[in-house]
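Note that these values count all heavy atoms, side chains included, but never hydrogens, waters or copies made by symmetry. Throughout, a chain's letter reflects where its sequence line sits, starting with A, and its residues are numbered from 1.
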2 protein chains.
Amino acid sequence: MHADQIDQGATEPRSPHQPRRRYPKGELRRQQILDRTVEVFAELGFENTSLRAIGEAIGVSHAALRRYFDTREELFLEVLREKDRQALAEALEHELLPVDLASGLEAYAAGAPGLMALRHSMVARAMEPDNELSRAFFTDRYRSLRGEAAHTLALGRAAGTVRGDLPLEVLASLVIAAMDGLSTQWLLEPEVPMLDGMHALEQLLRPPGSATS
Amino acid sequence: MHADQIDQGATEPRSPHQPRRRYPKGELRRQQILDRTVEVFAELGFENTSLRAIGEAIGVSHAALRRYFDTREELFLEVLREKDRQALAEALEHELLPVDLASGLEAYAAGAPGLMALRHSMVARAMEPDNELSRAFFTDRYRSLRGEAAHTLALGRAAGTVRGDLPLEVLASLVIAAMDGLSTQWLLEPEVPMLDGMHALEQLLRPPGSATS
DNA sequence: GTCTATACAGGGATAGAC
DNA sequence: GTCTATCCCTGTATAGAC
């Protein structure tokens with residue numbers, strides 16, 4: 001679902017301005033740009049992370065970046081896509097999906113405030129008119145997240161830790177919303193106990209008669 | 001708490017570039033700028049809502065706007081401050097605080113998607129380094145929102161509709177987070193049932209033994 | 001007090017040379 | 001694949017008209 005754009009070794013024609021990326025050099029350069037972008041963004045923020053600033057951090061001109069990404073927006077989206085892929089790969093390696101919601105939030109916020117800030121900026125863009133690319137990315141992403149949450153909740157239901165009197169899809173949406181909103185408050189003010197909020201939600205989700213912990 | 005900057009008729013000296021605004025014309029112009037900014041933003045989005053675009057919508061040069069607002073960021077923040085004041089005034093008029101969380105969300109999202117998108121853009125900025133003005137505004141705002149939510153929850157507790165085994169502040173943070181996150185998903189994809197999510201949270205908050213509705 | 005005109009540094013996008 | 005040069009747009013700043 002997430003990785004619908006894997007194309008290593010493909011030889012078919014492709015959309016204009018999307019480089020072939022069959023050669024190691026271009027592939028490495030592309031990855032370097034993505035990595036540096038995160039770093040520069042964490043330091044300078046959305047407005048100041050210009051193509052020129054990223055290029056300077058790498059040692060190339062801003063125009064060179066456009067061989068790999070059509071626009072700044074696409075570059076940023078690709079950074080987020082890449083991080084999602086990494087997170088998914090890591091989750092599959094460590095175990096299957098996290099049964100614990102709070103640990104899911106930690107993975108979600110991912111210890112990288114800069115990355116979360118980038119996500120927030122891009123989500124905001126996606127709500128605006130004439131931003132089809134960003135909107136498509138995030139509607140997809142939230143759909144995926146809700147699906148994963150629904151799955152985790154279903155497991156909890158089977159294990160007796162999640163009550164069964166409310167629709168799964170609604171609860172899934174609520175869980176994702178709580179993660180989003182709690183991380184927002186936490187990023188603004190680190191004293192806000194983000195994990196306590198998530199644990200509270202876990203408590204609320206328990207069936208009425210079950211044990212307190 | 002919210003209205004800490006009411007200064008009509010004040011005669012004290014003020015910070016540089018903040019006009020006195022004792023004269024009706026300037027006051028009206030200022031209000032006009034705030035109103036038009038929301039409209040232009042709803043149509044064009046964050047990037048394209050330039051000072052020049054706003055000025056053009058009013059019939060004034062972009063430089064004129066700076067008589068009223070030091071920077072674009074401050075203009076946007078003032079738009080949000082103004083909307084918060086209006087919402088507060090309206091809430092006080094219609095009744096005291098909303099006892100119903102779901103209706104609170106409707107007031108929160110406020111039927112104005114453009115405004116919510118502006119809020120999201122500005123919150124994102126507030127998380128980044130070197131954005132003290134935005135950060136101060138939103139930490140304040142979230143503190144206020146959590147306070148109001150805690151108050152509403154306390155009333156619910158007294159009325160027997162909110163369980164008493166979890167700390168109020170944590171639940172308040174969770175409630176605000178849910179509003180934020182649900183409105184995000186809803187703005188991206190209007191089919192997502194925002195109010196259902198909030199009603200589900202209300203159900204979850206009920207004491208274990210209480211009636212289902 | 002209110003506003004226009006103007007200048008400036010920096011941004012993303014782009015064309016064409018190498 | 002990368003560069004330089006260029007286009008038009010942006011926020012900010014200042015000078016001076018009225």
Next on the checklist: Quick check on C:dT14: is either OP1 or OP2 less than 4.0 Å from any side-chain nitrogen or oxygen of A:R66?
Outcome noted: yes
Next on the checklist: Treating B:H199 as the side-chain partner and B:L195 as the backbone partner, does any N or O pair qualify as donor plus acceptor under 3.5 Å?
Outcome noted: yes
Checklist entry - In whole angstrom, what separates B:F69's CZ from D:dA13's C1'? => result 18 Å
Checklist entry - Once you round it to whole Å, what is the distance between P of D:dT2 and CG of A:L28? => result 11 Å
Item to check | Presence of donor-acceptor pair under 3.5 Å, side chain of A:R72 and base of C:dG11 | outcome: no
Checklist entry - Below 6.0 angstrom between ring centroids: does that apply to A:F76 and A:F46? => result yes
Checklist entry - Can you check whether B:R29 has a side-chain N or O nearer than 4.0 Å to OP1 or OP2 of C:dC3? => result yes
Checklist entry - Just how far, in rounded Å, is P of D:dT10 from CG of B:N48? => result 8 Å
Checklist entry - D:dC3 phosphate, OP1 or OP2: any side-chain N/O from A:S61 under 4.0 angstrom? => result yes
Checklist entry - Does a nitrogen or oxygen in the side chain of B:Y68 sit under 4.0 Å from OP1 or OP2 of C:dG1? => result no
Checklist entry - To the nearest Å, how far apart are B:E56 CD and C:dT4 C1'? => result 15 Å
Checklist outcome for this item: Closest of D:dT2, C:dT4, C:dC3 to the B:A63 side chain is C:dT4
Item to check | Nearest-angstrom distance from the residue atom CG of B:L51 to P of C:dA7 | outcome: 20 Å
Checklist entry - Within this structure, what is the CZ-to-P distance between B:R125 and D:dG11, rounded to whole angstrom? => result 12 Å
Checklist entry - Does A:R52 get its side chain close enough to the base of C:dG12, under 3.5 Å, for a donor-acceptor pair? => result yes
Item to check | Gap between atoms CD and P, on B:E47 and C:dG12 respectively (whole Å) | outcome: 9 Å
Checklist entry - From C:dG12, C:dT2, D:dC3, pick the nucleotide closest to the side chain of A:V60? => result D:dC3
Checklist entry - Would you say B:E56 has more than 12 foreign heavy atoms packed within less than 6.0 Å of its CD? => result no
Checklist outcome for this item: Between A:H62 and B:A64, whichever has its closest DNA chain C nucleotide further toward 5' is B:A64
Checklist outcome for this item: Taken to the nearest whole Å, CZ/A:F76 to P/C:dA13 is 10 Å
Item to check | Worked check of salt bridge (charged side-chain N to carboxylate O under 4.0 Å, His left out) between B:R135 and B:D140 | outcome: CA-CA 8 Å; B:R135 168 169 251 117; B:D140 248 50; over 6 Å; no
Checklist entry - If you check the B:K25 side chain, which of C:dA13, C:dT2, D:dG1 turns out closest? => result C:dT2
Next on the checklist: Any side-chain N or O of A:S50 below 4.0 angstrom from OP1/OP2 of C:dG11?
Outcome noted: yes
Checklist entry - Given the rule in the side chain to side chain contact (heavy atoms under 4.5 Å, CB included) test, do A:L166 and A:L174 qualify, once you have shown the distances and angles that lead to the verdict? => result CA-CA 11 Å; A:L166 290 167; A:L174 180 61; over 6 Å; no
